[in-house]
Q: 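Sending over a structure as structure tokens; questions will come in a sec.
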Number of protein chains: 2
Amino acid sequence: MPSSHPVARSRPGRSTLVAEVADRLRREIVTGTRPAGSKLSEPSLAVEQGVSRGPVREALRQLEREGLVVFDAVGRSRVVTMSAADFADISIVRVALESAAAAHVAACFDDRLRTTLERNIAKMEASRTLTDVSRLDLAFHEAVMEASGRRRLITTWRSIHSQLELWLGSLHRAREAITSDTLAETVRSHCLLVDALAGGDATRAREAAAEHAGGLVRWAPLHGVMPDGTTGSPVFVARS
Amino acid sequence: MPSSHPVARSRPGRSTLVAEVADRLRREIVTGTRPAGSKLSEPSLAVEQGVSRGPVREALRQLEREGLVVFDAVGRSRVVTMSAADFADISIVRVALESAAAAHVAACFDDRLRTTLERNIAKMEASRTLTDVSRLDLAFHEAVMEASGRRRLITTWRSIHSQLELWLGSLHRAREAITSDTLAETVRSHCLLVDALAGGDATRAREAAAEHAGGLVRWAPLHGVMPDGTTGSPVFVARS
DNA sequence: CACTGAAAAACTGTCAACAGTTTTCGCGTG
DNA sequence: CACGCGAAAACTGTTGACAGTTTTTCAGTG
């Protein structure tokens, strides 16, 4: 297993330049090396990364698509600034997509998937940092999405993937340890989801996924630390 | 009301060159002027549209994001080829997103929205071609999505918008007339959705939206005409 | 000291050109 | 006639340069 996230590189066989720039920049953004709101000028990035403006331009557009970079009306780009409201926004999309995927996965659940997921949960139990848990959580859901076999569901989910990483990362930088309570709750929640998926009932799986992802919404902002370091009350998501 | 679709142009104040190319190309693709599978070479497009390769390149990447263009492993681009399975795929995402939006819209439904939607339905009743109905249908759902006020829900929905247009367009070219039965059913379905939204019950609204969008899945492929002109049986979507 | 305004610096949009690779085409051969 | 095979054409990835515009700097002024 690779140590880096299974991030959505561009097409595999392709020229690696724009992908390299995008990967490096993505990492710098999600790790906080480039803080929210930082200016991203093409010439600076070009010399920094030792390439010309072309690839930088394309990389920035890709990161825009991933929601990590925003362009203003004049064409200038900055690292996105996310508020709790934005996180709620993202979570709505996440819940929608993961619920749909769960309903389909329930219909094609097999032992191979069970093994993958349970192995992931086992690693989660052995984790001691939020960063590790987060990485495993993302991998867990990536596996579920892929199991659904619905290509566009997956690509759409991936398009918000990085934003989740960014938000969670900003949370973790403020609070790296994880309590055994939180960990146990996380593990339990994932086990429940696996059970629901294994049950083969689409409706139950859908609801379990919604509950699971919704749990994160209720939990994450309650740490009270916004990505910009300020504290604020989370904007809430109406649950039906 | 503008005669052209309220398509997702790039940033408004921006340089219009890449947006222009993308818009023109998009129209040519969804209208079938450029059939599925057509090669799209940067130099040809550049001379055709009287610009250099740069803007063409960016426009192609944007259309890739919209799912209208695909790149192979070598970097060559073609107009996407959609199968009934792809349409089912897209519909899954659509149902997921529109259901989520409906749940949120139910909580903030007002008379302004009601007027917009009912006016749209009225125009629909007066339509005589599938093309017109489709355009109004898309506008209807765009209005609902926007009413949800969830930015990422909207942008994500927009990212599959063009693919729906492409699929429906290919269907319509094969069969331009619309029976009064189909029209009545369409209108009825939209009215039901409005009622559900107006009801203020998130769960009911969510289900109504799923039912509504799901109806299209069951209906559209049954015309039996695939975008490439062949006939085939639709791949089906498991409903929970 | 705050403020105005012009000059300078920086940045984006666009273009044309080059290098390496892939595809296409036509020719010769079995 | 089918089939390799090599040359030519075409295409993508990348670069550097130029024009127009925006932002920043800074000197001069009240």
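Here is how names work: the chains are called A, B, and so on, in the same order as the sequence lines, proteins then strands, and each is numbered from 1. Both backbone and side-chain heavy atoms feed into the values below; hydrogens, waters and symmetry mates do not.
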Q: Figure out the CD/P separation between A:E58 and C:dT12, and round it to whole Å.
A: 16 Å
Q: Under a 3.5 Å cutoff, is there a donor and acceptor pairing between the side chains of A:T131 and A:T129?
A: no
Q: Checking all strands, does B:L40 fall into the base, sugar-phosphate, or nothing category for heavy-atom contacts under 4.0 angstrom?
A: sugar-phosphate
Q: Are B:H141 and B:H161 an aromatic pair by the rule of ring centers under 6.0 Å?
A: no
Q: In whole angstrom, what separates A:E42's CD from C:dT14's P?
A: 12 Å
Q: Can you check whether A:S41 has a side-chain N or O nearer than 4.0 Å to OP1 or OP2 of C:dA10?
A: no
Q: Heavy atoms only: give me the nearest B:D86-A:R151 pair and the separation to one decimal.
A: OD1-NH2, 3.6 Å
Q: May I ask you to verify if any side-chain N or O of A:S44 is less than 4.0 angstrom from the OP1 or OP2 atom of C:dC11?
A: yes
Q: Hey, what are the protein-to-nucleotides 15-25 of chain C N/O distances that come in under 3.5 Å?
A:
from, atom 1, to, atom 2, distance (Å)
C:dC15, OP2, B:S52, N, 2.9
C:dC15, OP2, B:S52, OG, 3.1
C:dT24, OP1, B:K39, NZ, 3.0

Q: ring-ring contact (aromatic ring centres under 6.0 Å, His included) with A:F109: which residues, sequence neighbours excluded?
A: none
Q: Identify whether NZ of Lys or CZ of Arg in A:R61 sits under 6.0 Å from the centre of the six-membered ring of A:F71 and within 45° of that ring's axis.
A: yes
Q: For A:Q49 and D:dT14, what is the distance between atoms CD and P respectively, to the nearest whole Å?
A: 13 Å
Q: Take atom CZ of B:R78 and atom C1' of D:dT12, then tell me their distance rounded to the nearest Å.
A: 15 Å
Q: If we ignore angles and hydrogens, is there a donor and acceptor under 3.5 Å between the side chains of A:E28 and A:T33?
A: no
